Amino acid sequence: MVPNKTAWMHEPYVGGGCGSLCVGGETDAERITEIDAMIRHAHAAGHQLGVHVTGDRACDAVADSFAAAVAECPRPDARHYLIHGDFLTAHSMKVLAAHGFGVNMNPTIKWTVADMEEDFVGVERAAYAWPYRDALDAGVRVASGSDAPVTHPDWRQGIATMMLRESKATGRVSGPEQRIGLAEAVRTYTIDAAWQDFADDWKGSLEPGKVADLCVLDGDLLAADPHDIPQMPVVLTVMDGQVVHDTLRD
């Protein structure tokens with residue numbers, strides 16, 4: 001991770017060091033060979049891969065490993081994905097989009113560490129971190145998660161962060177060019193998250209034939225100021241068609 005200076009970066013951290021892949025090997029080349037082999041074997045065995053990866057150089061390495069595995073052992077719709085992908089490069093995005101791969105980002109981590117990251121990677125790279133806008137524009141399937149218990153699993157804060165790019169500590173905007181809209185943000189938690197799970201045929205959207213998973217907020221999400229979304233009360237929750245939380249009857 002970036003605050004520990006372990007995420008593998010193309011350019012050095014403030015104060016030096018670039019991190020590395022956290023796999024076996026004494027050199028970067030040996031570690032790339034190791035991750036290539038791990039991904040190749042798992043892909044050939046028919047598994048879907050979700051690889052925890054932070055840092056721009058690490059993202060490039062894993063995306064390239066995904067592509068190489070598919071080239072060696074073609075398999076339609078593998079849906080491999082990066083977990084975090086906080087510093088996705090244009091190269092990574094191109095590879096992921098071209099092969100139908102995805103990324104699972106964590107907006108509430110961005111909200112929590114936006115100010116802190118500047119001390120480790122500088123202002124420009126910190127602002128770019130978690131590049132939702134660029135990834136979506138590149139055609140990458142983007143899902144969102146909380147990485148709980150690293151951050152609280154509250155999708156409302158995630159939605160607000162994707163729309164505002166404001167930090168928790170100071171409220172300062174970090175990377176406004178990476179903001180996305182409400183519908184795009186909701187999609188990362190719903191249909192595209194279901195796609196990541198190979199479950200988009202039965203969940204992720206409200207339509208006939210799918211499970212009824214939903215929650216109702218006290219307020220108009222479409223008209224709300226994004227700053228107010230995290231405090232909007234959840235008044236009803238339905239899971240698989242069954243009401244599991246209902247303040248309207250209390």
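Just so you know, these numbers come straight off a predicted model, no measurement behind them.
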Distance, nearest 0.5 Å, that separates CD of Gln157 from OG1 of Thr151
9.5 Å
Main-chain N/O of Gly55 paired to Asp86 side chain as donor or acceptor, under 3.5 Å:
yes
Flag yes if Val103 and Val186 sit in one hydrophobic cluster, no otherwise; membership is Ile, Leu, Val, Met, Phe, Trp, Tyr, and two members link when side-chain heavy atoms are under 4.5 Å apart.
yes
From Met232 atom CE to Asp225 atom CG, the distance as rounded to the nearest 0.5 Å
10.5 Å
Measure the spacing between CE of Met93 and CG of Leu136 and express it to the nearest 0.5 Å.
9.0 Å
Determine whether a donor-acceptor pair (N or O, by modelled atom type, separation under 3.5 Å) exists between the side chain of Arg125 and the backbone of Glu11.
yes
Looking only at atom types and distance, does a side-chain atom of Tyr13 sit under 3.5 Å from a main-chain N or O of Ala7, one as donor and one as acceptor?
yes
What do the steps show when you test Asp192 against Val142 for side-chain contact (heavy atoms from CB on, under 4.5 Å), and what is the final call?
CA-CA 7 Å; Asp192 284 336; Val142 182; 5.9 Å; no
With a 4.5 Å cut-off on side-chain heavy atoms, are Val70 and Phe101 touching?
yes
Would you please classify the geometry between the Phe87 ring and the Tyr128 ring as parallel, tilted or perpendicular, with 30° and 60° separating the classes?
tilted
Could you pull out all donor-acceptor pairs under 3.5 Å where a side-chain atom in residues 31-39 meets a protein atom, sequence neighbours excluded?
unit_1	atom_1	unit_2	atom_2	d
Arg31	NH1	Gly25	O	2.9
Arg31	NH2	Asp28	OD1	3.0
Thr33	OG1	Ala29	O	3.0
Asp36	OD1	Ser65	OG	2.2

Looking just at side-chain N and O atoms, do Glu166 and His227 make a donor-acceptor pair shorter than 3.5 Å?
yes
Between the side chain of Gln178 and the main-chain N/O of Asp134, is any donor-acceptor distance below 3.5 Å?
yes
Are the side chain of Ser174 and the backbone of Arg165 linked by a donor-acceptor contact shorter than 3.5 Å?
no
Does the side-chain contact (heavy atoms from CB on, under 4.5 Å) test come out yes or no for Tyr189 and Met162, once each step is laid out?
CA-CA 11 Å; Tyr189 278 117; Met162 285 184 267; 3.5 Å; yes
Rounded at 0.5 Å granularity, tell me how far CG in Leu221 sits from CG in Asp218.
12.0 Å
Can you find a pair of side-chain heavy atoms, one from Asp154 and one from Thr108, that are under 4.5 Å apart?
no
So which heavy atom on Arg179 is nearest to which on Leu164, and how close?
NE-O, 3.0 Å
Within one Ile-Leu-Val-Met-Phe-Trp-Tyr cluster: Trp8 and Val121, side-chain cutoff 4.5 Å
yes
Would you say the side-chain atoms of Asp60 pair up with the backbone N or O of His91, donor to acceptor, closer than 3.5 Å?
no
Do we get Arg79 above Phe198's six-membered ring, with its NZ or CZ under 6.0 Å from the centre and within 45° of the axis?
yes
For Ala143 versus Gln196, what's the shortest heavy-atom pair and its separation?
CB-OE1, 3.7 Å
Minimum heavy-atom separation for Cys215 and Thr237, please, with both atom names.
CB-OG1, 4.1 Å
Using a 6.0 Å cut-off, check whether atom NZ of Lys94 has over 12 heavy atoms from anything other than its own residue.
no
Report the distance from atom OG of Ser92 to atom CG of Asp64, rounding to the nearest 0.5 Å.
7.0 Å
Flag side-chain contact, heavy atom, 4.5 Å: Pro107 against Ser144
yes
Would you say Met105 and Pro131 make side-chain contact, with heavy atoms under 4.5 Å?
yes
Is a side-chain donor-acceptor pair under 3.5 Å present for Asp56 with Thr89?
no
Do Val234 and Val216 pass the side-chain contact (heavy atoms from CB on, under 4.5 Å) test, and can you show the C-alpha distance, the side-chain angles, and the key distance before you say yes or no?
CA-CA 6 Å; Val234 176; Val216 178; over 6 Å; no
Taking C-beta and beyond as the side chain, do Arg57 and His10 meet within less than 4.5 Å on heavy atoms?
yes
Under the criterion side-chain contact (heavy atoms from CB on, under 4.5 Å), I'd like the reasoning laid out for Leu49 against Phe66: C-alpha separation, chi angles, the key distance, then a yes or no.
CA-CA 9 Å; Leu49 288 95; Phe66 284 167; 4.0 Å; yes
same_hphob_cluster(Ile83, Val23) at 4.5 Å side-chain heavy-atom cutoff
no
Taking all non-hydrogen atoms of both residues, which atom of Pro226 and which atom of Met163 are closest, and how far apart?
CG-CE, 3.5 Å
Taking side-chain hydrogen bond (donor to acceptor under 3.5 Å, both in side chains) as the criterion, tell me which of His99, His43, Gln48 meets it with His80.
His43
Using modelled atom types and a 3.5 Å cut-off, is there a donor and acceptor pairing between side-chain atoms of Asp213 and backbone atoms of Met239?
no
Which heavy atom of Val14 sits nearest to which heavy atom of Gly122, and what is that distance?
CG2-N, 3.8 Å
Under 3.5 Å, is there a donor-acceptor pair between the side chain of Arg75 and the main chain of His47?
yes
So, for Asn106 and Trp130, which heavy atoms are closest and what is the spacing to 0.1 Å?
N-CZ3, 3.3 Å
In this structure, would Val243 and Leu206 fall into the same cluster of hydrophobic residues linked by side-chain contacts under 4.5 Å?
yes
Taking atom OG of Ser20 and atom NZ of Lys5, what is their separation to the nearest 0.5 Å?
14.0 Å
Measuring only between side-chain heavy atoms, which start at C-beta, is Leu96 closer than 4.5 Å to Leu88?
yes
Side chain of Thr190, backbone of Ser205: donor and acceptor closer than 3.5 Å?
no
What orientation do His52 and His84 show, parallel under 30°, tilted 30 to 60°, or perpendicular over 60°?
perpendicular
Look at the side-chain heavy atoms of Ile, Leu, Val, Met, Phe, Trp and Tyr, link any pair under 4.5 Å apart, and say whether Ile229 and Tyr132 land in one connected group.
yes
Would the distance check show the side chain of Arg133 and the main-chain N or O of Glu177 forming a donor-acceptor pair, the cut-off being under 3.5 Å?
no
